[in-house]
Amino acid sequence: MNRKLFKSLREFKKETILTPIFVILEVFMEVLIPFQMAQIIDVGIAQGDVNYIVEQGIILVVMAMLSLLFGALAGKFAAKAGAGYARNLRHDIFYKIQTFSFHNIDKFSSSSLVTRMTTDITNVQMAFMMTIRMLFRAPVMIVLSMVMTVLINWQIAILLLCTIPILGGVLIFIARKAHPHFMQVFDEYDVLNSAVQENVNASRVVKAYVREEHEDQKFEKISMKVFKLFTKAEQIVAWNQPVMQFVMYAVVLALITISGLNIVGGSMETGELTSLMVYALQILMSLMMVSFVYVMIMISSASTDRIQEVLDEVPEMGNKENAIESVPSGDIDFNHVNFSYAGKGGNLSLKDIDLHIKAGQTIGVIGGTGSSKSSLVQLIPRLYDVTEGSVKVGGIDVRDYDIKALRDQVSMVLQKNVLFTGTIAENIRWGDESASDAEVKHVCELAQADSFIQEFPNGYNTMIVEGGNNVSGGQKQRLCIARALLKKPKILILDDSTSAVDTKTDALIRKAFREEIPNTTKIIIAQRISSVEDADLIVVMEDGRIDGIGTSEELLKTNKIYREVYESQKKGSDE
Ligand SMILES: Nc1ncnc2c1ncn2[C@@H]1O[C@H](COP(=O)(O)OP(=O)(O)O)[C@@H](O)[C@H]1O
Ligand SMILES: [Mg+2]
């Protein structure tokens, strides 16, 4: 168990403390009941005293009911404490993830974050519940049962005292043997989960490429591995039962022999024999419980570490003190920027970028896949920080702004964009929750989305399903552009955001930009020459460097890459 995680108990501390208290009360009753039974047998039945039997019998019933009540309360508090603890942990992780920068998220991968929030937390919850119930139960039970046994017969007490370390030792040995196998199982679970998640998320792609069989085989392989590892682990744990039974029968045999001799000799009563049997069993069962909890704690320790890892992660991007709250203009300056996803010393994805953009300009960015177009623009809203050099917006280093203020003014349509479950209007309002219907309609008109939205039977109230899979690629892109426009940003960045839109609509969108938002700086990354041809400046990216800057006319004369792309695309459209 990891102490640091207990901070998340918060309002469930009360239940966490109440559980062992009621467990201990329950144990007291469970230890007194056999003693009371022995009294009834040895005194009441032996002397044929009906009044005594009824009187003591009623006390016995009350004790049994109290034991039941305490047990039920302990169970209830344990369940509440466990579930509450899990809820708080989940809450803490979720809030932590919200503070993560792109860099932090890169580090964990989203499927691993999901596993941590589900499987790992469930493990911790189960272990926690078992621990608060069993941690006190087993030792208190063993000690009290031993005390009672000593009171009844010291020979048997010695017998049990010898058995406890032997059985305890064997059970712990088994648990330790099984532990590494369980750890492997949970590592494999991670792989299994990410395979499932990846496949389900991309199920449409899998089907389109008829890769079901391949995916089935991949899944089968991992799931077979989990099966084998689990079998191995469980095979070892399965030894618990026969060992336990063997020891139990051996103890019972010895107990009956010793007691039999004592009863014949007249130094022990039959009722005492029954209660001794119960105490012996209770002690053995407690040992079994201890080994069980031990395994559970070991299993959960890996989960605990994985949760702690997320909670300990330091959000990479914080606001400076006295961060600047307003962005004066849409000027953008890259001053000799080097950037690596791995931080200083890593492979450079951007090399010596020096680029100066005036507010209101339209900039086209073109270049092959992997030429770092996305990496370049992601530095402007500070999705990542530069490794060397600086990026300035409105003449101020982006790191000096309040992040929210900066991102409100730098609206970016990501290359891999998603819509969320909800209506179209709700999705657009992500850009600005308080926008009026007229404003929502206006930005949709600019993004050439209004006409197709009107054609849906429910118009702006059409439900978007998870990921936006019920609208076409081009429609999704236009909705994402509308959403970005609603912020009324000073800088608008489209990262390959019209790739699925036809050329004519694409041209209409750019025309609307020119006429309706002339003062907004617009950066357009595109594969199509026609999308950037009329830009004020075109930046040609190649292998993380700027290969050329200029208007289309200038680049046709000076830049080989631009000329080649231009010619191949123009030829393509002429034919
Ligand atoms: N999150 C990331 N972590 C590490 N490397 C990345 C990440 N995103 C992109 N890269 C790398 O940076 C380079 C440029 O990628 P990118 O900017 O996406 O290119 P483009 O948008 O031009 O296709 C590629 O080599 C890519 O592998
Ligand atoms: Mg890209």
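In each ligand, atom 1 is the first atom listed, and ligand 1 is the first ligand listed.
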**Q** Would Arg545 and Asp352 pass as an ion pair if we require N to O under 4.0 Å?
**A**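 Here Arg545 does not pair with Asp352 in a salt bridge, since their nearest N and O are not under 4.0 Å apart.
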
**Q** Should one rank Ser372, Ala342, Gly368 by closest heavy-atom distance to atom 19 (O) of ligand 1, which comes out on top?
**A**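 Shortest heavy-atom distance from atom 19 (O) of ligand 1: Ser372.
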
**Q** Heavy atom to atom 1 (N) of ligand 1, shortest distance: which of Asp106, Ile105, Leu376 holds it?
**A**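 Comparing heavy atoms across Asp106, Ile105, Leu376, the nearest one to atom 1 (N) of ligand 1 lies in Asp106.
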
**Q** Under 4.0 Å from any heavy atom of Tyr384, which atoms of ligand 1 are there?
**A**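 By the 4.0 Å cutoff, the relevant atoms are 1 (N).
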
**Q** Does any donor atom in the side chain of Ser326 or Tyr401 lie under 3.5 Å from an acceptor atom in the other side chain?
**A**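 Side chains of Ser326 and Tyr401: no pair found under 3.5 Å.
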
**Q** I need the atoms of ligand 1 closer than 4.0 Å to a non-hydrogen atom of Tyr341, numbered in the order shown.
**A**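 Reading through ligand 1 atom by atom, the close ones are 1 (N), 2 (C), 3 (N), 4 (C), 5 (N), 6 (C), 7 (C), 8 (N), 9 (C), 10 (N), 11 (C), 12 (O).
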
**Q** Hey, does Tyr566 have a side-chain heavy atom less than 4.5 Å from the side chain of Leu555?
**A**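 No; the side chains remain at least 4.5 Å from each other.
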
**Q** Sequence neighbours excluded and cut-off under 3.5 Å, please list the side-chain donor-acceptor pairs for residues 356-367, or say none.
**A**
{"residue": "His356", "atom": "ND1", "partner": "Asp333", "partner atom": "OD1", "Å": "2.6"}
{"residue": "His356", "atom": "NE2", "partner": "Asp354", "partner atom": "OD2", "Å": "3.2"}
{"residue": "Gln361", "atom": "OE1", "partner": "Lys358", "partner atom": "N", "Å": "2.9"}

**Q** Return the set of protein N, O or S atoms whose distance to the Mg ion (ligand 2) is under 2.8 Å, each given as residue and atom.
**A**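 Protein N, O or S atoms closer than 2.8 Å to the Mg ion (ligand 2): Ser374 OG, Gln415 OE1.
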
**Q** Could you check which of Ser349, Gly544, Ser375 puts a non-hydrogen atom nearest to atom 16 (P) of ligand 1?
**A**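 Ranked by closest heavy atom to atom 16 (P) of ligand 1, first place is Ser375.
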
**Q** Is Arg399 paired with Asp397 through a side-chain N to carboxylate O contact shorter than 4.0 Å?
**A**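 Judged by the 4.0 Å cut-off on N to carboxylate O distance, Asp397 and Arg399 do form a salt bridge.
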
**Q** Taking the six-membered ring for Trp, is the centroid-to-centroid distance between Phe128 and Tyr85 below 6.0 Å?
**A**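 Centroid separation for Phe128 and Tyr85: below 6.0 Å.
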
**Q** Starting from the C-alpha separation in whole Å, work towards a yes-or-no answer on side chain to side chain donor-acceptor pair (under 3.5 Å) for Asn123 and Ser300.
**A** CA-CA 5 Å; Asn123 282 344; Ser300 79; over 6 Å; no

**Q** Need the ligand 1 atom indices (1-based, order shown) with element for anything under 4.0 Å from a heavy-atom of Thr369.
**A**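 Result: 23 (O).
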
**Q** Is a donor on one side and an acceptor on the other found under 3.5 Å between the side chain of Asn88 and the backbone of Ser8?
**A**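 Indeed, once roles are kept as given, a pair shorter than 3.5 Å links the two residues.
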
**Q** Given side chains that start at C-beta, do those of Lys490 and Thr520 come closer than 4.5 Å, heavy atoms only?
**A**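 The answer is no, as the side chains (C-beta and beyond) never meet within the 4.5 Å cut-off.
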
**Q** Tell me which protein heavy atom sits closest to atom 21 (O) of ligand 1, plus the residue, atom name and distance to 0.1 Å.
**A**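 The answer is Ser374 OG, 2.8 Å.
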
**Q** Under 3.5 Å, is there a donor-acceptor pair between the side chain of Thr462 and the main chain of Ile424?
**A**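 The answer is no, because no donor-acceptor pair under 3.5 Å joins these two groups.
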
**Q** Under 4.0 Å from atom 14 (C) of ligand 1, can you find at least one protein heavy atom?
**A**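 So atom 14 (C) of ligand 1 has protein heavy-atom neighbours under 4.0 Å.
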
**Q** Is it true that Lys488 and Asp432 make a salt bridge, defined as a side-chain N closer than 4.0 Å to a carboxylate O?
**A**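 A salt bridge is absent here (no side-chain N lies under 4.0 Å from a carboxylate O).
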
**Q** Looking at atom 27 (O) of ligand 1, would you say a protein heavy atom lies below 4.0 Å from it?
**A**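 Given the 4.0 Å limit, the answer for atom 27 (O) of ligand 1 is no, no protein heavy atom qualifies.
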
**Q** On a heavy-atom basis, I'd like to know which of Gly346, Ser340, Gly370 is closest to atom 25 (O) of ligand 1.
**A**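 Looking at heavy atoms only, the winner is Gly370.
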
